[in-house]
Participant: 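Quick one: the structure is below, questions incoming.
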Amino acid sequence: CRLCQEDKDLCSEKDENGAFLIDRDPLYFGPVLNYLRHGKLVLDKNISEEGVLEEAEFYNITDLIKLLKDRIQFRDLPTKSGGKHVYRVIQCHEDELTQMVSTMSDGWRFEQLINIGSQYQYGNEDHAEFLCVVSREYPQTASGEKTTEPTDRAKVLQQLGSRM
């Protein structure tokens with residue numbers, strides 16, 4: 001950490017207690033401070049990764065610098081073009097939720113779970129109903145056709161979704 005070093009280029013003063021006085025943007029320093037506290041990088045949507053990278057470089061926090069550069073590089077990778085992104089909304093009861101999520105694979109990704117309340121009763125018990133939003137990317141094949149043939153696992157999701 002740059003503060004721990006006797007660096008003449010730091011351009012910071014110390015107060016009467018020996019604390020460093022640093023004039024930096026607190027918006028970008030917050031994620032740096034939390035990274036130092038917890039070892040995890042958490043960024044709000046409105047915070048630029050490049051701004052936090054500038055702070056990490058100022059303080060010479062090498063692990064955070066590498067992490068941010070990797071995130072920026074991954075973010076800036078070109079997206080796959082020509083593919084088709086499919087979303088499905090599946091209605092299920094609370095007792096079916098675990099099975100549905102555990103059978104979800106083969107390229108399907110869980111996006112969101114929405115509790116829509118309970119609309120029915122068995123005896124004296126209420127049973128909650130949910131909408132489960134899932135997505136899958138269907139890449140474009142070399143011949144230009146899009147591969148949309150469902151696999152066995154996708155068929156399970158389709159069957160569950162057909163109950164809507």
Side-chain angles (χ1 to χ4, degrees), residues 1-119 125-140 153-154 157 160-161:
C1 176
R2 187 173 179 190
L3 286 178
C4 303
Q5 302 169 357
E6 291 296 324
D7 189 351
K8 304 296 183 213
D9 297 330
L10 189 56
C11 301
S12 295
E13 298 177 20
K14 291 183 183 181
D15 68 5
E16 63 277 356
N17 297 323
F20 286 97
L21 302 173
I22 302 170
D23 185 18
R24 302 294 290 180
D25 190 336
L27 177 70
Y28 297 121
F29 181 69
V32 172
L33 183 60
N34 285 329
Y35 176 81
L36 292 172
R37 287 178 178 153
H38 310 292
K40 295 179 184 175
L41 178 61
V42 179
L43 297 176
D44 291 335
K45 292 180 182 180
N46 61 341
I47 295 181
S48 161
E49 291 169 327
E50 287 82 0
V52 178
L53 176 61
E54 285 295 320
E55 291 300 303
E57 288 175 340
F58 176 81
Y59 295 106
N60 196 26
I61 305 170
T62 55
D63 290 343
L64 182 57
I65 292 168
K66 181 181 180 337
L67 179 62
L68 283 161
K69 285 183 176 180
D70 289 347
R71 282 181 66 152
I72 291 168
Q73 183 180 12
F74 180 77
R75 179 198 69 198
D76 293 343
L77 284 175
T79 58
K80 299 175 186 174
S81 60
K84 180 178 170 184
H85 207 85
V86 176
Y87 288 88
R88 291 207 172 122
V89 179
I90 303 166
Q91 184 175 357
C92 63
H93 306 289
E94 64 182 330
D95 53 340
E96 300 168 324
L97 192 58
T98 303
Q99 179 187 1
M100 195 223 28
V101 171
S102 66
T103 59
M104 187 176 65
S105 60
D106 198 33
W108 287 98
R109 191 175 99 190
F110 173 79
E111 296 288 341
Q112 186 176 9
L113 183 67
I114 304 163
N115 185 345
I116 58 172
S118 61
Q119 307 244 337
E125 296 181 28
D126 280 336
H127 293 275
E129 289 193 34
F130 296 90
L131 294 179
C132 184
V133 181
V134 296
S135 69
R136 180 173 181 197
E137 174 112 15
Y138 287 101
Q140 190 167 355
R153 290 185 179 115
L157 288 172
L160 286 171

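These figures come from a predicted structure and were not determined experimentally.
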Participant: Can you sort out the partners of Tyr87 under ring-ring contact (aromatic ring centres under 6.0 Å, His included), two or more places apart, ordered by chain and number?
Facilitator: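 Testing Tyr87 for ring-ring contact (aromatic ring centres under 6.0 Å, His included), a comparison that skips the adjacent residues, returns His85.
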Participant: Quick one: ring-ring contact (aromatic ring centres under 6.0 Å, His included) partners of Phe29, sequence neighbours excluded?
Facilitator: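 Phe29: ring-ring contact (aromatic ring centres under 6.0 Å, His included) contacts with Tyr59.
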Participant: If I take atom CD1 from residue Ile90 and atom CG from residue Leu131, how far apart are they, to the nearest 0.5 angstrom?
Facilitator: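 Nearest 0.5 Å value for the CD1-CG distance: 10.0 Å.
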Participant: Give the minimum heavy-atom separation between Ala56 and Val32, together with the two atoms involved.
Facilitator: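 Of all heavy-atom pairs spanning Ala56 and Val32, the closest is N-CG2, 4.2 Å.
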Participant: Does Asn34 form a side chain to side chain contact (heavy atoms under 4.5 Å, CB included) with Val42? I'd like the steps, not just the answer.
Facilitator: CA-CA 8 Å; Asn34 285 329; Val42 179; over 6 Å; no
Participant: Can you measure from CD (Glu129) to CD (Glu96) and round to the nearest 0.5 angstrom?
Facilitator: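 Glu129 CD to Glu96 CD: 9.0 Å, rounded to 0.5 Å.
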Participant: Measure from the side-chain N and O atoms of Asp15 to the backbone N and O of Asn17, and report whether any donor-acceptor pair falls under 3.5 Å.
Facilitator: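 Checking the backbone N and O of Asn17 against the side chain of Asp15, a donor-acceptor pair under 3.5 Å is found.
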Participant: Please list, chain by chain and in numerical order, all residues satisfying salt bridge (Lys or Arg N to Asp or Glu O under 4.0 Å) with Glu111, sequence neighbours excluded.
Facilitator: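 Testing Glu111 for salt bridge (Lys or Arg N to Asp or Glu O under 4.0 Å), a comparison that skips the adjacent residues, returns Arg109.
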Participant: List the residues meeting side-chain hydrogen bond (donor to acceptor under 3.5 Å, both in side chains) with Ser48, not counting sequence neighbours, and say none if there are none.
Facilitator: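 Expected list: Glu50.
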Participant: How close do Ile116 and Gln91 get, heavy atom to heavy atom, and via which atoms?
Facilitator: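 The answer is CD1-NE2, 3.9 Å.
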Participant: For Asn46, what residues pass the side-chain hydrogen bond (donor to acceptor under 3.5 Å, both in side chains) criterion, not counting sequence neighbours?
Facilitator: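 Asn46 satisfies side-chain hydrogen bond (donor to acceptor under 3.5 Å, both in side chains) with no other residue.
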Participant: At what distance, to the nearest 0.5 angstrom, does CG of Leu64 lie from CD of Glu57?
Facilitator: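 The CD atom of Glu57 is 9.5 Å from CG of Leu64, to the nearest 0.5 Å.
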Participant: With Asp25, which residues qualify under side-chain hydrogen bond (donor to acceptor under 3.5 Å, both in side chains), at least two apart?
Facilitator: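 Asp25 satisfies side-chain hydrogen bond (donor to acceptor under 3.5 Å, both in side chains) with no residue once adjacent residues are dropped.
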Participant: Would you compute the distance between atom CZ of Arg37 and atom CG of Leu33 and round it to the nearest 0.5 angstrom?
Facilitator: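 Answer rounded to 0.5 Å: 3.5 Å.
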Participant: Which value, rounded to the nearest 0.5 Å, describes the distance between Asp63 atom CG and Leu41 atom CG?
Facilitator: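 The CG atom of Asp63 sits 12.0 Å away from the CG atom of Leu41.
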Participant: Between Tyr28 and Glu54, does the side chain to side chain contact (heavy atoms under 4.5 Å, CB included) criterion hold? Intermediate values first, please.
Facilitator: CA-CA 8 Å; Tyr28 297 121; Glu54 285 295 320; over 6 Å; no
Participant: Does Tyr35 reach the side chain of Val52, with side-chain heavy atoms less than 4.5 Å apart?
Facilitator: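 Side chain of Tyr35 against side chain of Val52, heavy atoms only: no contact under 4.5 Å found.
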Participant: For Arg71 and Leu43, which heavy atoms make the closest approach, and how far apart are they?
Facilitator: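 Taking every non-hydrogen atom into account, NH2-CD1, 4.0 Å.
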Participant: Heavy atoms only: give me the nearest Phe130-Leu113 pair and the separation to one decimal.
Facilitator: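 Looking at all heavy atoms of both residues, the shortest contact is CB-CD1, 3.7 Å.
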Participant: Out of curiosity, Ile47 CD1 to Glu49 CD, how far, rounded to the nearest 0.5 Å?
Facilitator: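 These two atoms lie 10.5 Å from each other.
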